[in-house]
Structures are given as C-alpha cells and as structure tokens.
Amino acid sequence: MRTRPTLTWSAPGEALPRAGSLADVAEVLSRRRVLVLTGAGISTESGIPDYRGESGSLRRHTPMTYDEFTGSADGRRRYWARSHLGWRTIARASPNSGHHAVAALRAAGRVSAVITQNVDGLHRAAGTPGVVELHGNLDRVVCLGCRRTSGREELDARLRAANPDFGGTATRINPDGDVELAEDVVRAFTTVECLGCGGVLKPDVVFFGENVPRPRVQRCYRLVDEAAALLVLGSSLTVMSGLRFVRHAAKSGTPVLIVNRGRTRGDEYAGVRVDRPLGAALGELLALLAENPLPTTAAGS
Ligand code: NAD
C-alpha cells in the first residue's frame with residue numbers, strides 16, 4: 001500500500017514551550033553518542049534548494065509523485081527531460097561545512113550513525129561512512145520491471161545519445177533534481193528503457209506517495225533504539241517518513257534535539273531546539289566539543 005503524499009504542514013500558532021542553545025546540544029554530545037537525522041536544510045548551503053524553507057521550492061513547484069511517474073509515459077518524459085539537466089547540477093554540488101562537521105563528529109565518535117532524507121549523496125561525499133539514505137540517491141537508477149539497478153552516469157550517456165539535439169536550458173533547479181523547462185523541449189525529449197528487460201527506468205529515490213522499503217525503515221528504527229539521543233539537522237519533519245523516528249525516540253524516552261531554521265513538525269517532541277543556519281552552527285558545535293573529550297564508555301559503545 002502506498003502512502004498519501006504530505007506536501008505541507010502548518011505550525012500551530014502558539015509559542016513553543018522549549019528552546020535551547022548550541023551549548024545544550026554540545027552538553028548532550030559530550031556525554032553520549034547521538035544518532036543524526038538530516039534533511040534538505042543541511043544541503044541548502046551547497047546550493048540545493050529545500051522544499052519548505054524560506055525560499056523552498058514547494059512555493060512554486062509540485063514534485064513528481066509515484067502515481068504520476070508510473071501511470072503516464074508523458075509524466076515520465078517530463079521527469080526525465082527536466083532531470084536530464086537538473087541532475088548535472090546536483091552531481092556538481094559539493095558538501096558544505098555542515099556536511100563536513102557531521103563527518104568530523106562521526107569520526108570523533110560523537111555520532112553513532114547518520115540517516116539522511118536527502119538524495120544528493122553529499123554526506124557520503126563529505127566522508128561520512130555507512131550513511132542510511134532513507135529516500136535513496138539520485139546517482140542510481142532502478143528498472144521497475146526486473147529491479148536491476150545501474151549508475152546514473154550510464155543513463156546520462158544513453159539519454160545524451162538518444163537526444164543529440166536536446167536544446168534545453170536549465171533555469172531554476174528543484175530539490176528533486178529537475179529544472180523548469182519549456183513544454184516544447186519536454187515534448188521533443190526521448191526517454192530510454194532498461195537494457196536488460198525493456199522495463200521502465202526510475203531514479204532510485206522514493207517519490208512522494210511511495211513507501212520507503214520496509215527493511216530500510218526497520219534498520220532506522222533499530223538505529224533509533226540503539227541511540228542515546230536523536231539529533232535532527234535541517235528538516236521540517238513535515239513528511240511522516242522522517243517524523244516517525246522522532247516520535248519513536250520520544251515515545252521510548254530518548255532525548256530529541258533539533259537544529260533547524262524555523263518551526264518543525266517535531267518541535268513538540270524536542271527537549272532542545274536551536275534555530276540557526278547549520279553551517280555556522282555545526283562549526284560552533286565542533287569548537288564547543290573540541291576541548292571536551294568523549295568519556296571512554298560512550299566512545300566505545
Ligand atoms: P524540508 O524542505 O521540508 O525542510 C527543510 C528545513 O530546513 C526547513 O525547515 C528550512 O527552514 C530548514 N533549513 C533550510 N536551510 C537551512 C540551513 N542552512 N540551516 C538550518 N536549517 C535550514 O525538507 P525535509 O524535511 O528534508 O523533507 C523534504 C524531503 O524532500 C526529503 O525527505 C528529501 O527526500 C527530499 N529533498 C531532498 C533534497 C536533497 O537531497 N538535497 C532537497 C529537498 C528535498
């Protein structure tokens with residue numbers, strides 16, 4: 001069964017009961033290893049827009065849904081034409097100081113694991129090992145017929161060969177790796193099929209209205225259960241896909257900390273909330289922790 005896509009969420013009007021500072025976050029990290037859950041907000045400083053931040057793309061763009069992609073050849077042509085340009089921008093993006101800080105915290109043993117809702121691969125590029133990519137990654141392609149996966153570079157070469165006169169010019173990049181493109185350019189675009197079985201090719205990411213594979217969800221729940229605290233970085237937590245881990249942590253008494261610009265749907269579960277841009281905030285957090293070695297018991301756990 002597929003979930004209904006949640007595109008928006010409105011923050012309740014009342015003031016929030018709890019806030020906090022980076023010193024509070026540092027205090028938790030100085031005593032225990034935390035699980036990090038990141039969202040689009042950690043990648044905005046790398047030039048990839050988010051959905052729901054101040055200049056979020058949902059204000060002007062409706063992302064592709066699973067039903068639209070699988071249900072219509074026109075929908076797929078539109079996606080692949082726009083993504084043909086958009087993916088190159090995502091592939092060129094570099095990790096920013098926030099991604100590097102997370103990698104440093106992981107290397108220092110302060111972070112037990114990283115789950116990201118992002119599909120841009122920037123945590124991996126920053127050197128964080130074993131990142132759980134909850135919603136997949138745009139650098140892979142999956143065949144909906146035989147489930148064979150292949151690299152996006154390979155598809156890019158095939159799409160270039162199938163569209164030698166492609167005249168699209170990227171205007172605005174959207175988070176799901178596509179760009180605004182004129183309708184006549186979209187109509188002239190030729191898609192390609194799976195080389196093995198002729199099936200439909202889809203980016204190996206979870207579209208709106210599609211479920212995250214069950215084993216991946218279970219793995220994340222296990223990571224939450226094993227963690228001493230959950231630190232959310234740059235997510236509005238509008239989508240249940242990420243929010244469920246925050247609720248799960250809170251329900252089991254695991255402290256939740258959130259660093260994010262603006263309100264999130266998980267604020268009511270957080271003991272500490274910090275409203276700061278992540279690049280600067282995470283740099284400051286590293287500095288606060290630098291002179292505070294992790295207790296041996298926590299480092300080894
Ligand atoms: P979201 O757009 O709903 O929320 C992002 C949050 O980050 C916003 O609250 C925003 O105010 C905050 N933010 C933006 N820049 C920030 C900064 N520099 N410092 C601190 N906070 C900042 O994104 P989401 O909660 O991750 O959910 C969107 C879903 O869409 C994700 O699950 C993901 O699959 C997909 N997505 C991926 C990417 C990507 O891969 N880079 C980008 C956008 C969306």
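One-based numbering, in listed order, for ligands and for the atoms of each.
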Report task. Considering only NZ, NE, NH1 and NH2 on the basic side and carboxylate oxygens on the acidic side, decide whether Glu133 and Arg216 come within less than 4.0 Å. Result -> no

Query raised in the report: Less than 6.0 Å separating the ring centroids of Phe69 and Phe208?
Result: no

Query raised in the report: Does Gly262 have a heavy atom less than 4.0 Å from any atom of ligand 1?
Result: no

Query raised in the report: For Pro49, is the nearest heavy atom under 4.0 Å from an atom of ligand 1?
Result: yes

Interfacing atoms of ligand 1 (cut-off 4.0 Å, heavy-atom, [X]):
| X | value |
| --- | --- |
| Val119 | 39 (C), 40 (O) |
| Ile48 | 41 (N) |
| Leu237 | 25 (O) |
| Gln117 | 31 (C), 32 (O), 33 (C), 34 (O) |
| Arg276 | 19 (N), 20 (C) |
| Ser43 | 41 (N) |
| Glu45 | 17 (C), 18 (N) |
| His135 | 31 (C), 32 (O), 33 (C), 34 (O) |

Query raised in the report: Is a side-chain donor-acceptor pair under 3.5 Å present for Ser46 with Asn96?
Result: yes

Query raised in the report: Does the side chain of His99 come under 3.5 Å of the side chain of Thr38 through a donor N or O and an acceptor N or O?
Result: no

Side chains of residues 240-248: which donor-acceptor pairs under 3.5 Å do they make with residues two or more places apart or in other chains?
residue, atom, partner, partner atom, Å
Ser241, OG, His135, NE2, 2.7
Arg244, NE, Ser241, O, 3.0
Arg247, NE, Tyr269, OH, 3.0
His248, NE2, Asp225, OD1, 2.8

Query - Lys202 side chain reached by Tyr79 side chain, heavy atoms, under 4.5 Å - result: no

Min N/O separation [X] to ligand 1 under 3.5 Å:
| X | answer |
| --- | --- |
| Val259 | no |
| Ser236 | yes |
| Leu278 | yes |
| Thr238 | no |
| Gly39 | no |

Requested in this report: May I ask you to decide if the ring planes of Phe166 and Phe189 are parallel, tilted or perpendicular, using 30° and 60° as cut-offs?
Outcome: perpendicular

Query raised in the report: Could you give the distance from OG1 (Thr254) to CG (Leu35), rounded to the nearest 0.5 Å?
Result: 9.5 Å

Report summary line: Restricting to heavy atoms, the pick from Leu243, Val212, Asp50 nearest atom 5 (C) of ligand 1 would be Asp50

Report task. Might you confirm whether atom CD of Glu153 has over 12 heavy atoms from other residues, nucleotides or ligands at distances under 6.0 Å? Result -> no

Report task. Using modelled atom types only, decide if a donor and an acceptor are shared between the side chain of Asp50 and the backbone of Gly41 within a distance under 3.5 Å. Result -> no

